[in-house]
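This report concerns only the one structure given below.
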Amino acid sequence: KKAKVLLASSKAGTNPFAGYTPEVPVGMNLNFGDDKFLDYEGKGIKELKGAAFVLVAGGLGERLGYGGIKVALPLEITTMTCYLQFYCQNIL
């Protein structure tokens, strides 16, 4: 529903974000493995069911001398794991 409203606004030439002022959110520093980190990590894991992950199209790797899609390129050379496989493994 929200996407349809944004598309309609774009078509009409109106800015749905008029009046908003961007600002940098306040954050915090966490130390890997401490109680606060583990608490936030647990909360985040519970929210994953409502999350979406977007992988932008990479196009072909012709300029890189590669005939396939860029996300199939090896991310590193020790295991030859491609970018797409690495990405999927890290979001699951």
Side-chain angles (χ1 to χ4, degrees):
K1 182 178 178 181
K2 195 172 201 175
K4 289 181 180 182
V5 171
L6 290 172
L7 287 170
S9 295
S10 177
K11 185 177 181 180
T14 59
N15 181 359
F17 302 108
Y20 287 95
T21 304
E23 58 185 61
V24 177
V26 177
M28 65 177 64
N29 292 319
L30 299 172
N31 295 310
F32 181 77
D34 69 10
D35 289 340
K36 197 174 197 180
F37 177 93
L38 296 173
D39 181 49
Y40 280 110
E41 182 179 46
K43 290 176 181 177
I45 288 171
K46 288 178 186 175
E47 295 299 322
L48 279 175
K49 66 183 178 295
F53 297 90
V54 177
L55 180 64
V56 297
L60 295 176
E62 294 164 329
R63 291 180 303 175
L64 303 171
Y66 182 72
I69 59 173
K70 287 184 217 167
V71 294
L73 281 166
L75 184 64
E76 46 84 25
I77 61 171
T78 56
T79 65
M80 297 303 284
T81 301
C82 75
Y83 174 81
L84 188 57
Q85 179 183 354
F86 180 82
Y87 180 85
C88 290
Q89 288 172 336
N90 284 282
I91 65 171
L92 298 177

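Numbering of residues begins at 1 and proceeds along the displayed sequence. Please read all numbers here as calculations on a predicted model, not as lab measurements. Because only heavy atoms are used, hydrogens play no part in the values below, and waters and symmetry mates are left out as well, while side chains stay in.
Crowding of F86 atom CZ: a count of heavy atoms from other residues, nucleotides or ligands under 6.0 Å not exceeding 12. Within a 6.0 Å sphere centred on CG of L48, heavy atoms belonging to other residues, nucleotides or ligands number more than 12. More than 12 heavy-atom neighbours from other residues, nucleotides or ligands sit within 6.0 angstrom of CG on D34.
Taken to the nearest 0.5 Å, the OG1 atom of T81 stands 6.0 Å off from the CD atom of Q89.
Linking Ile, Leu, Val, Met, Phe, Trp and Tyr residues whenever their side-chain heavy atoms come within less than 4.5 Å places Y20 and L6 in a single cluster. Linking Ile, Leu, Val, Met, Phe, Trp and Tyr residues whenever their side-chain heavy atoms come within less than 4.5 Å places F32 and L30 in a single cluster. V5 and F17 fall into different hydrophobic clusters, where Ile, Leu, Val, Met, Phe, Trp and Tyr residues are linked whenever their side-chain heavy atoms come under 4.5 Å apart, directly or through other members.
Between the side chain of S9 and the backbone N or O of N15, no donor-acceptor pair lies under 3.5 Å.
When side chains are defined from C-beta on, M28 counts as touching Y40, because their heavy atoms get closer than 4.5 Å.
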